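Remember, it's a predicted structure, so these values are computed and weren't measured experimentally.
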Amino acid sequence: MDYLIRNARTVLTMDDRDQELPGVDVRLSGGVIQEIGVGLEATGEVVDARNAIITPGLVNTHHHLYQTLTRAVPGGQDALLFGWLQTLYPIWSRFGPDEMRVSAMVGLAELALSGCTMSSDHLYLYPNGARLEDTIDGAREVGLRFHPTRGAMSIGESDGGLPPDSLVEDEAAILEDCVRVIDAFHDPSEGSMLRVGVAPCSPFSVSRDLMRDAAVLARDKGVMLHTHLAENDEDIAYSEAQFGCRPGQYAEELGWVGDDVWHAHCVKLDGAEIDLFAHTRTGVAHCPCSNCRLGSGIAPVRAMRDAGVKVGLGVDGSASNDLGNLMDEARQAMLLQRVALGADKMSAREALRIATRGGAEVLGRHDCGQVAVGKRADIAIWDVSGLESAGSWDPAALVLAGPRNVRHLFVEGQQVVRDGQITTIDLPRVIENQNRLANGLMD
């Protein structure tokens, strides 16, 4: 269906000129933004946006969707990263295909309601017959643009790793399955709704050989690479003790820098590592709420941005965040840079740009992240007539004041959220299934 979004209060385009356009219409057709202007001819369905701000859809660059089944687990609520993981691993080992699919649907619906149109996912454990396509099936039902990554863990406790042996896989089998899912599901075309990446979990759960081989495989297949890096002090200490170097040097030695790579967290990058990421065009998924929840620290986002590093936002897994609202992440990213460096160090507009175009650039999606003619029709419409925005003077202030959820959301020109409700799935029924599965895990 074609749509004409009429008479928006302001369109925050995030285009090359950072235009902010008052009182304009936006025409969506064929999955693309076809026209932007005043008084466009009404064709297709007309959407009234008189009291609304339009932004590009927000982009989530790091998530573990399966973790929406393990929010606020006792014993892990107050732990640092390694202790938190050791609390959750035994629970995750009881997951299967149903848990993976339903948790993905819940997590993606939560993201959609917060204005997100495109999300990555890092799935690095496959117990009891679970496969990457369990999450892919869930994403197709919800209707978000999806970048799942075939993660992996190969070094268990008996070999000095962090995960239990029951959750690790043979490295040859990991690489074989990476080839399978890329060949079966990856779509590199412009406007693609599904792109697959390769994502060994972390330096403390896979071998050097797997990291190196995964990079070779990904480049042979033309897909992106993703992992966790430099998340907290424990992470740095592990790298120095096990590899004799800092995480940035480890990544560089194994081929894990470049325009086709993005790393999650990077809280503890030093100046040399930031410069490395800048000149190699390596991306970073900044996860501010998770970093606060786990006490990991404040990522040097201001220094990264000033150096030219590509930075996007991620909600991270719900087990280490407990929420999946990307607008909350934008606000938290802004506040953390301000509390660390000063109130003038990140504006609401910059935070929103990181959440939209920044994330699209990190994921290699130059067809997304802007409200501009010819870009994909991924559009978030925010109602600013309500309580949260009452008295607000500035259209970009939705990062500061709200709202936190969208009125309407379009992905590839299809309406996924209408009047604040998911249109693509029976969300109450999915939530009922989610709670039933969570209760089974508790038992």
Side-chain angles (χ1 to χ4, degrees), residues 61-67 76 79-89 92-93 120-127 148-169 171 174-175 178 197-215 218 224-257 261-269 273 277 282-287 290-291 293-297 299 314 316-317 319-321:
T61 61
H62 186 63
H63 207 333
H64 307 293
L65 286 165
Y66 73 92
Q67 292 180 11
L80 298 177
L81 173 64
F82 283 15
W84 168 80
L85 283 169
Q86 289 167 328
T87 298
L88 274 296
Y89 280 142
W92 295 335
S93 70
S120 67
D121 184 43
H122 189 185
L123 181 57
Y124 54 80
L125 45 83
Y126 298 87
T149 59
R150 205 303 182 182
M153 298 189 294
S154 65
I155 299 180
E157 287 177 309
S158 63
D159 292 321
L162 198 65
D165 290 348
S166 63
L167 283 178
V168 302
E169 300 175 88
E171 294 192 349
I174 290 167
L175 295 170
C178 287
V198 175
C201 180
S202 61
F204 52 81
S205 58
V206 300
S207 71
R208 282 177 178 267
D209 287 343
L210 183 60
M211 292 290 287
R212 187 180 293 108
D213 291 346
M224 293 191 72
L225 287 157
H226 184 51
T227 193
H228 299 89
L229 200 77
E231 185 169 353
N232 71 355
D233 290 332
E234 291 175 293
D235 205 340
I236 301 298
Y238 185 93
S239 181
E240 291 176 338
Q242 296 297 318
F243 311 130
C245 63
R246 286 185 55 86
Q249 183 181 349
Y250 178 81
E252 184 179 25
E253 288 176 355
L254 298 178
W256 275 77
V257 293
V261 181
W262 86 105
H263 294 285
H265 301 299
C266 298
V267 174
K268 299 296 180 178
L269 291 190
E273 290 165 323
F277 280 24
T282 304
V284 170
H286 174 42
C287 305
S290 174
N291 296 158
R293 162 79 150 73
L294 292 173
S296 299
D316 202 5
S320 66
N321 183 335

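- The two residues Arg212 and Trp256 have their closest heavy-atom pair at N-NE1, 4.5 Å.
- For the pair Ala285 and Trp262, the tightest heavy-atom approach, listed with the atom from each and the gap, is CB-CD1, 3.9 Å.
- Nearest heavy atom pair, residue Trp84 against residue Ala79, reads N-CB, 3.6 Å.
- How far CG of Leu162 is from SG of Cys201: 9.0 Å, rounded to the nearest 0.5 Å.
- Between the SG atom of Cys266 and the CG atom of Asn291 there is a distance of 10.0 Å, given to the nearest 0.5 Å.
- Note: Tyr66 OH to Leu88 CG = 7.5 Å, rounded to the nearest 0.5 Å.
- Under the 3.5 Å distance criterion, the side-chain polar atoms of Asn232 are matched with a main-chain donor or acceptor of Glu234.
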Practice problem: Quick one: do Leu210 and Leu175 satisfy side-chain contact (heavy atoms from CB on, under 4.5 Å)? Show the steps, please. | Solution: CA-CA 8 Å; Leu210 183 60; Leu175 295 170; 3.9 Å; yes
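- When all heavy atoms of Ala152 and Val206 are compared, the closest pair comes out as O-CG1, 3.4 Å.
- Residues His62 and Asp316 have side chains that bring a donor and an acceptor to within less than 3.5 angstrom of each other.
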Quiz prompt | Pair His64-Tyr124, side-chain contact (heavy atoms from CB on, under 4.5 Å): steps then yes or no | solution = CA-CA 9 Å; His64 307 293; Tyr124 54 80; 3.5 Å; yes
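- Using bins of under 30°, 30° to 60° and over 60° for the plane-to-plane angle, the ring pair His263/Phe277 lands in the parallel bin.
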Self-check item: Candidate pair Tyr126 and Arg150, rule side-chain contact (heavy atoms from CB on, under 4.5 Å), full reasoning
Solution: CA-CA 10 Å; Tyr126 298 87; Arg150 205 303 182 182; 3.4 Å; yes
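- The two residues Glu231 and Val267 come nearest to each other via the heavy atoms O-CB, 3.2 Å.
- A donor-acceptor contact closer than 3.5 angstrom is absent between the side chains of Ser207 and Ser154.
- Using a distance-only test at 3.5 Å, with no hydrogens or angles considered, no donor-acceptor pair links the side chain of Ser290 to the main chain of Asn321.
- One finds the OG1 atom of Thr61 at 12.5 Å from the NE2 atom of His122 (value rounded to the nearest 0.5 Å).
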Exercise. Begin from the C-alpha positions of Tyr89 and Met153 and carry the test side-chain contact (heavy atoms from CB on, under 4.5 Å) through to its verdict.
Key: CA-CA 12 Å; Tyr89 280 142; Met153 298 189 294; 3.9 Å; yes
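- Under the 30°/60° scheme for interplanar angles, the aromatic rings of His228 and His226 are found to be tilted.
- The two atoms that bring Leu294 and Ser320 nearest to each other are CD1-CB, 3.8 Å, heavy atoms only.
- The CG atom of Leu229 lies 7.5 Å from the OG atom of Ser239; values are rounded to the nearest 0.5 Å.
- Between the NE2 atom in His265 and the SG atom in Cys287 there is a gap of 4.5 Å [rounded to 0.5 Å].
- Screening Leu125, Val168, Ile155, Leu85 for a side-chain contact (heavy atoms from CB on, under 4.5 Å) involving Pro163 leaves a single residue, Val168.
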